[in-house]
Every structure is written in C-alpha cells, then in structure tokens.
Number of protein chains: 2
Amino acid sequence: MTEVTTTGADLPRLRELNSLSIVRALRDHPPSTVTELSRRTGLSRPAVDVIAQGLVTDGWARVLEPGSSSAVGRPARRYQFRAGAGHVLGVDVGAHKILALLADLDGTIVHSVRHAVDAQAGPAERLAELDAVIESCLSQAGKSPTDIWAVTVAVTGAVDASGRTSFFTPLPGWQSVDLTAHLAGRFSCPIVVENDCKLGALGEQWQGAATDAVDIVYLQGGMRTGAGLIIDGVLRRGFGGAAGEIGALKQVRWLDAPAHLQNCPGVPETVGPDDAAAWVFNAARDGHKAARAAVNRYVKDLAVGAAALVLTLDPQVVVFGGGFSRSADLVLDPLRRELERLCLRMPDVRASTLGADSVALGALKLALNEVDQRLFGGGLSAPVAPRR
Amino acid sequence: MTEVTTTGADLPRLRELNSLSIVRALRDHPPSTVTELSRRTGLSRPAVDVIAQGLVTDGWARVLEPGSSSAVGRPARRYQFRAGAGHVLGVDVGAHKILALLADLDGTIVHSVRHAVDAQAGPAERLAELDAVIESCLSQAGKSPTDIWAVTVAVTGAVDASGRTSFFTPLPGWQSVDLTAHLAGRFSCPIVVENDCKLGALGEQWQGAATDAVDIVYLQGGMRTGAGLIIDGVLRRGFGGAAGEIGALKQVRWLDAPAHLQNCPGVPETVGPDDAAAWVFNAARDGHKAARAAVNRYVKDLAVGAAALVLTLDPQVVVFGGGFSRSADLVLDPLRRELERLCLRMPDVRASTLGADSVALGALKLALNEVDQRLFGGGLSAPVAPRR
DNA sequence: CTACTTTGTAAAGCGTCAAGCGTAAAAAGG
DNA sequence: CCTTTTTACGCTTGACGCTTTACAAAGTAG
C-alpha cells in the first residue's frame with residue numbers, strides 16, 4: 001500500500017519492490033502460505049517462494065513447518081513476519097500521568113507502564129519520572145534501548161516544524177525542555193516528539209473509533225481543549241506544526257470552555273479542582289439542573305471550534321476524545337445538535353473508543369510509521385535498528 | 001514524481017514504469033537528448049534509447065534531427081514530448097463572465113475566449129452562453145470536441161462528492177442545473193465540475209503567487225467570499241466537497257463582509273452596486289475617510305475567517321485573490337496586522353498574481369491532472385482521448 | 001588531415017519472472 | 001492396507017528487459 005517514486009528502475013530494484021510487497025502481505029495476514037502470498041501479490045508461486053526464502057535468510061521472516069493441518073492435501077509451509085525483530089516505544093507525557101507502551105513491529109503491545117505524576121511537578125521531576133517509566137518498561141519487558149527502533153513522545157502544546165521543541169505548553173516550566181536531546185543520550189534510534197492531540201487522532205484512526213475513515217477531526221475534550229486532523233489518511237501537522245490550534249482564536253471559546261464545568265455552582269468543597277468536571281458530569285447524569293446547564297454551556301463553546309474545523313475540512317468523522325470522553329454520552333447529542341445547526345454537511349460524530357490511551361497508541365503508531373518509512377521507504381535493508 | 005502502488009510487478013510492468021519515467025522527464029525539459037534523459041532517470045543510455053523510440057512509434061514523442069550544435073562531439077538527436085497530441089479545456093462560469101481556456105498537454109494555452117454575461121441571467125441563458133463560449137473557443141482554435149481529453153468547469157457554490165451537482169449557489173436558478181450531464185452530450189471525455197475557490201487555489205499554486213508552497217490557503221475576496229485549500233501539494237475537497245466553507249459560520253462574518261464596501265457612505269448615485277466596491281477602494285486609495293474605514297471593516301471581517309483557516313491548517317502561504325485582489329495593496333497590510341494579532345504562527349500573506357484568471361487556470365490544471373491520472377496513473381496506453 | 005569527444009547502435013551477459021510439469025505429502029475412500 | 005484425490009513443492013525452460021562493453025558515425029579543435 002505504500003508508494004514509491006517512479007524513477008528509473010532496474011532489475012535489482014524490481015526484486016526489492018517485490019520483496020517489499022511480500023513483506024507487506026506477510027504483515028497483513030501473519031502466517032501465510034506461498035500460494036496465499038502469490039494470490040495476494042499477483043506474483044507467480046515460484047517467484048514468491050524464492051523471495052520468501054530470501055526474507056528468511058535475511059531475518060525478516062521465519063518459517064513455520066506444517067503442523068496439524070485440517071485441510072485436505074499436502075499441508076503448506078507457512079511464512080511469518082518476524083514482528084519481534086524490533087520494537088518501538090510510544091510515550092504519553094500528560095499532566096497527571098506518564099504512560100509508556102512497548103510494541104513489536106506488528107504493533108502488538110508487549111508491555112506498558114503507567115506512572116502518576118503531580119500536575120504541578122516541575123520539568124526536572126517530570127523528566128526523571130519519564131526516564132523511570134521508560135526504564136521500567138524496557139527492563140520489565142527484558143529489552144534494552146538498542147532493541148528499540150523508534151521512539152515517539154506525546155506532549156501538550158504545539159511542536160515546531162523540526163519536531164523538536166514545544167514552544168508553548170501548559171505544563172509548568174516545560175518550555176525550555178528539549179525532549180529530543182534528553183532522550184538522544186539513551187536511544188540511538190529516531191526520536192519524534194509530537195503534540196498529544198495529533199497523536200490522539202492517529203490513535204483513533206489506527207485502532208479506535210475511526211478506523212474506517214480517512215478524513216477525521218479528533219477533538220480532545222479535557223481540562224485543555226485541542227484538536228488533531230487527519231486528511232486523506234495522513235496526519236497533518238501544518239507547515240509549522242501548529243495545525244488544529246483553532247482554540248487560539250478568541251471567538252472560539254475553547255480556552256474558557258472547561259471553566260463552565262469547573263465553576264459550576266453546586267460542586268462540593270470536598271471535590272478538588274481536577275475532579276470538579278467529573279463531578280459535574282455525574283451530577284448532570286443524575287439530573288442536577290445547574291450541572292446540566294454547565295455541560296450544555298461547555299458543549300456550546302466546544303461546538304463553535306468544532307464547527308470551524310468541520311466547515312474548514314468537511315471531514316467524514318468527528319471523534320470526541322480526551323479526558324471528558326468518558327462522559328461522551330452527555331456530550332455527543334448536544335454536540336451533534338449544535339453542529340447540525342452550524343455546519344453545511346453533517347459529519348459522523350462518535351465517541352473515542354480508546355479513551356485515555358488514544359494518545360499513547362497514536363505515539364506508538366507514529367513510531368511504527370517512522371520505522372516503516374526508514375526501513376521500507378527505499379529498499380529493504382537488513383533488519384537492524386535505524387539510526388538518526 | 002508520481003507514485004505507483006507497490007504490488008507485484010513483472011517485467012512488462014517494469015518497462016511501463018520506466019516509460020512513464022521517461023515521459024515525465026521529457027515533459028519537464030522539453031527537447032532532451034538521450035544522454036540527458038539517461039542522467040535524469042538513472043537508466044542506461046541504450047535503455048533510454050529503446051524506450052524513447054517506442055514512445056515515438058506510439059505517438060507520445062517526436063524526434064528532432066540534430067540541427068546546428070555548438071558543442072563538441074557528435075550532435076545529439078533530441079526527443080520532444082508531443083504536447084499537441086491532446087488538449088484540455090478549463091472554463092470559469094462566473095457571475096459576470098464566462099472564460100474558457102484551451103491548452104495542450106503541456107499546459108500551454110492555445111486559445112482563450114471570454115464572454116460577458118448579465119449577472120441576473122437565468123440558467124438557460126447562462127448555459128447557452130457557456131455553449132457558445134466553448135463552441136467559439138474550439139472552432140477558433142481549429143479543434144473539435146474529440147480533440148479534447150478533459151474538461152473542467154468552475155462554478156460558484158459547493159460541489160458535492162460525486163463532483164456533479166452544486167447544491168447551493170448564488171447564481172439565480174442554478175441549483176437544478178446538472179452541468180456534467182449538460183456537457184456529456186458534447187464531450188465523451190471526463191468532465192469535472194468544481195468549486196471556483198478551490199480551482200483558484202489550484203491556479204495560484206500552478207502558475208501564480210504560491211508556486212513554491214505546498215500548504216496554501218487561497219482567499220477569494222469579491223462580492224462573495226470563499227476559500228480553497230491546498231495541503232501537502234494536493235487540492236483538498238473534503239469528504240463531501242465542502243472544505244473551506246468556513247464562511248457559513250455566523251461568527252465568521254464573511255457573508256456580510258462585502259456589504260461594508262457596498263454600503264459605504266459617499267458612493268455616488270451614478271455608481272452601480274457592482275462597481276461600488278471598486279469605487280470605495282479607489283476612494284480609499286485617494287484618502288477618502290469613510291472609504292478607508294469601510295475597507296478596514298471589510299478586512300477585519302475577512303481576517304476572522306482567514307484566521308480560523310490559518311489556525312486550523314497552519315499553512316505556509318495565504319494568497320488573497322478574487323475580484324478585490326486588484327486592490328490588494330489596500331488589503332494586504334491590514335490583513336497581515338489582523339492575522340498577526342489572531343494567529344499563532346504567521347504565514348506568508350501574498351496577493352494573487354493571476355487576478356481574475358486564477359480560477360480558469362485552476363480549472364485547466366485540474367483537467368490536466370485528470371488526464372495525467374487517466375493516462376499515466378496505471379500504465380501507458382496509446383495517446384488517445386480518455387473516455388468517461 | 002588527425003586527434004578528440006560525444007552520440008548512435010549492435011552484441012553479449014545477467015537477473016528476474018511466468019509457465020509448465022513431475023514429485024512429494026497428506027487426507028479420503030474402498 | 002492400498003489407491004485415489006488434492007494440494008503444495010521444486011525444478012527446468014523460455015521470454016523479457018536492463019546493463020555493460022565495444023565499435024562505428026558525426027561532429028569540433030588543432
């Protein structure tokens with residue numbers, strides 16, 4: 001499914017292309033017979049056989065000798081992509097928690113570690129916690145940093161064009177942190193830092209509520225409101241990495257939208273500011289009048305920005321994710337009503353199915369994409385970790 | 001530069017791919033020697049020679065026998081892409097005029113015809129005028145409809161996903177018109193109907209103010225305000241063809257923005273409503289106080305929608321086009337100031353260099369793209385007009 | 001005219017894939 | 001247990017397309 005530029009191609013290149021095509025077919029349906037691969041790629045059986053054997057000697061695939069086959073006829077040898085040849089790491093550095101996911105090249109999650117972090121923690125403390133999470137995730141899975149082929153870290157705030165620094169962020173003291181540089185000492189593989197909303201969108205497209213769509217607006221509803229955009233199947237960063245930051249427009253009341261929930265009258269003293277929103281949602285669900293009004297005001301403000309995104313992009317799907325997506329049952333219907341009122345063509349409005357994990361999963365997916373691009377983008381090199 | 005999906009490829013496919021690569025190299029630098037092509041494509045000289053000769057016999061290229069060569073060594077035979085093998089038509093159906101451009105496969109304009117149309121004309125009259133423009137454009141260039149390989153028509157209003165009907169439009173009585181069906185009788189080639197703002201964006205990217213950019217927001221400023229979006233080099237229509245219609249949001253005062261100019265106090269009675277805006281711009285340029293204020297109010301309203309687009313997409317360039325782009329000298333600076341105030345990362349703000357022609361040129365480009373996709377998308381068929 | 005440079009073209013060699021056919025390995029049926 | 005059927009394996013042959021090499025052709029520079 002990947003694309004290669006059409007320049008002059010000679011025979012070795014042709015074989016490389018066909019090898020790639022077999023690798024892809026192998027990854028899509030893990031244990032495949034030669035005949036299946038032949039059918040899927042359009043290549044002849046002998047060709048597939050030779051290539052598959054080459055992949056085995058190169059270390060890209062392993063062969064499963066025929067076990068108990070229930071079918072009639074000679075049981076076929078099966079080839080399998082060696083997903084365990086490399087691993088990738090996706091990390092979500094949030095305000096309250098740090099979540100690391102370790103996965104193999106198939107995207108199968110091997111291990112995950114989640115640590116709680118104080119929202120007020122300074123950058124040094126947060127970085128130390130990040131290191132601890134990564135360290136324990138690797139060691140508990142029995143992996144070393146050299147086994148990792150790509151790392152993606154999700155942070156709040158926009159990430160600039162080089163994918164390096166986040167030039168503004170709500171995390172205290174986080175502006176001056178160069179995460180890439182910080183991790184460069186530990187990993188020699190590619191390191192990507194990306195905005196959390198964008199990665200949330202990627203996660204929902206990969207394994208969440210929008211696997212069927214290619215034009216997606218992902219709304220992150222939480223103490224901070226944001227958006228991630230997928231257009232024609234590809235995550236869009238914008239020229240300077242600031243795509244989706246419609247919340248910066250004052251007419252779009254995203255900055256103040258969560259305040260409707262936090263400042264809702266009737267929240268007990270015992271409920272902290274971080275839990276106020278959850279309390280309001282629960283109260284609204286129970287019929288609490290002021291809470292319902294607060295939720296409605298929140299959705300009304302959310303919808304203005306959402307409408308701006310929808311009118312700009314005309315997406316197929318709008319996914320509501322983020323911390324408040326647990327209360328999507330209260331949000332979705334009024335959000336739909338508002339969008340119906342404001343938009344020309346109504347998109348499909350859905351709740352996130354990944355919840356709080358969407359960002360880390362998106363980070364994982366971006367790391368996998370990075371590996372794909374490096375290893376399969378131009379030619380098929382040996383299965384070793386790419387270097388920066 | 002075009003992409004092909006990586007499926008299994010055999011030898012004939014390889015040669016097809018290389019033929020394509022040569023065709024492209026040939027189109028980029030028209031009269032090329034075999035050695036040049038060999039260097040550009042990476043193929044060996046004999047291979048290029050064989051393929052080029054094949055292209056000549058197929059009718060895709062012609063050969064120029066060596067003339068007076070100033071260089072040392074044996075003078076080289078030169079191959080040239082036969083741009084005249086086919087032609088495409090781009091038509092802009094505006095409120096006041098219909099403009100048709102006829103070009104060869106290189107995009108070189110062979111002929112153009114412009115007719116004025118009464119803005120109040122009904123659909124029947126407008127369609128008749130469209131037919132007349134196309135008819136005279138073809139006949140004056142000595143072409144018949146069978147010489148045309150693709151037609152694109154620009155209309156105001158959104159165009160739905162199938163590219164067929166425009167489901168709302170400011171042109172009187174235009175809703176019920178099925179332009180594709182109307183033209184299908186005359187042409188057997190692909191016919192595409194598209195929104196004028198989107199095509200304006202394409203035109204500016206192709207030959208206008210944004211040839212260097214791949215992330216472009218095109219603003220159409222005129223009696224109607226609209227936008228076209230190019231992201232990562234590709235014109236984006238949105239899932240339902242309604243991308244860029246941010247003007248439908250009431251908070252974005254695009255609907256009323258031109259009214260600031262039309263209702264400006266001090267416009268003489270003798271100036272009709274269609275010319276009021278032009279008068280106001282001229283007056284503002286002469287220092288007329290009320291006119292300057294009206295222009296500023298116009299730009300302020302324009303900027304809100306522009307900011308929404310910029311914040312959503314974070315483009316590299318914003319191009320100001322449409323009828324008012326003749327007065328870009330008055331618009332650009334205040335527009336920049338407003339965007340600077342509203343946006344996170346400031347894009348490059350430029351005036352259209354194509355003016356009123358950008359839409360028709362964009363239509364031409366879309367028709368050329370259509371031909372490219374049909375003919376060069378998968379394999380290299382004979383040079384004949386593609387059929388729907 | 002000769003030396004030199006560059007292009008055009010032919011021949012040889014190699015790598016890749018498709019087609020075809022015999023063989024191997026299992027299950028099903030007698 | 002043996003035969004038949006079914007499917008996969010693996011080999012050979014042939015065709016195709018590209019590269020390399022070599023050499024003739026067509027110009028310029030001296």
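Proteins get letters first, then strands, A, B, ... in listed order; numbering begins at 1 in each.
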Report summary line: By nearest-nucleotide position on DNA chain D, the 5'-leaning member of B:A47 and A:D49 is A:D49
Query raised in the report: CZ of A:R77 versus C1' of D:dG10: gap in Å, rounded?
Result: 10 Å
**Report entry** Value in whole Å for how far the C1' atom of D:dC18 lies from CG of B:L43
**Finding:** 8 Å
**Report entry** Closest listed nucleotide, where the reference is the side chain of A:L11 and the choices are C:dT9, C:dC17, D:dG17
**Finding:** D:dG17
Report task. Quick one: do B:D372 and B:R27 satisfy salt bridge (Lys or Arg N to Asp or Glu O under 4.0 Å)? Show the steps, please. Result -> CA-CA 12 Å; B:D372 261 37; B:R27 280 208 305 185; 2.8 Å; yes
Query - Rounded distance (Å) that lies between atom C1' of C:dG15 and atom CD of A:E16 - result: 14 Å
**Report entry** Selected nucleotide, minimal atom distance to B:P75 side chain, candidates D:dC9, C:dA19, D:dA26
**Finding:** D:dA26
Query raised in the report: Aromatic rings A:W60 and A:F81: how do their planes relate, parallel, tilted or perpendicular, breaks at 30° and 60°?
Result: parallel
Query raised in the report: Which is true for A:T33 with a 4.0 Å heavy-atom rule: it touches a base, it touches only sugar-phosphate, or it touches nothing?
Result: nothing
Query raised in the report: For the pair made of CG in A:L37 and P in C:dC17, what is the distance, rounded to whole Å?
Result: 14 Å
Query raised in the report: Looking just at side-chain N and O atoms, do A:N369 and A:Q373 make a donor-acceptor pair shorter than 3.5 Å?
Result: no
Report task. Taking the side chain as every heavy atom from C-beta outward, state whether A:L361 and A:W206 have any atom pair closer than 4.5 Å. Result -> yes
Query raised in the report: To the side chain of A:P46, which of C:dG20, C:dC17, C:dT7 is closest?
Result: C:dG20
Query raised in the report: To the nearest Å, how far apart are B:R39 CZ and C:dT7 C1'?
Result: 14 Å
Requested in this report: Report yes if at least one side-chain N or O of B:Q53 is closer than 4.0 Å to OP1 or OP2 of C:dG8; otherwise report no.
Outcome: no
Requested in this report: Report the nucleotide, chosen from C:dC17, D:dC9, D:dC18, that has the shortest atom-to-atom distance to any side-chain atom of A:V34.
Outcome: D:dC9
Query raised in the report: Does B:R74 make a side-chain donor-acceptor contact with the base of C:dT7, cut-off 3.5 Å?
Result: yes
Query raised in the report: When the nearest nucleotide of DNA chain C is assigned to B:E36 and to A:P12 on a heavy-atom basis, which residue is associated with the more 5' position?
Result: B:E36
Query raised in the report: A:R45 has a side chain; which of D:dC18, C:dC21, C:dG8 sits nearest to it?
Result: C:dC21
Query raised in the report: CZ of A:R13 versus P of D:dC18: gap in Å, rounded?
Result: 15 Å
Requested in this report: Rounded to the nearest angstrom, tell me the gap between atom CD in B:E65 and atom P in C:dT7.
Outcome: 15 Å
Query raised in the report: Salt bridge between A:E194 and A:R237, side-chain N to carboxylate O under 4.0 Å?
Result: yes
**Report entry** Atom-to-atom span, CG of B:N18 to P of D:dC16 - whole angstrom
**Finding:** 17 Å
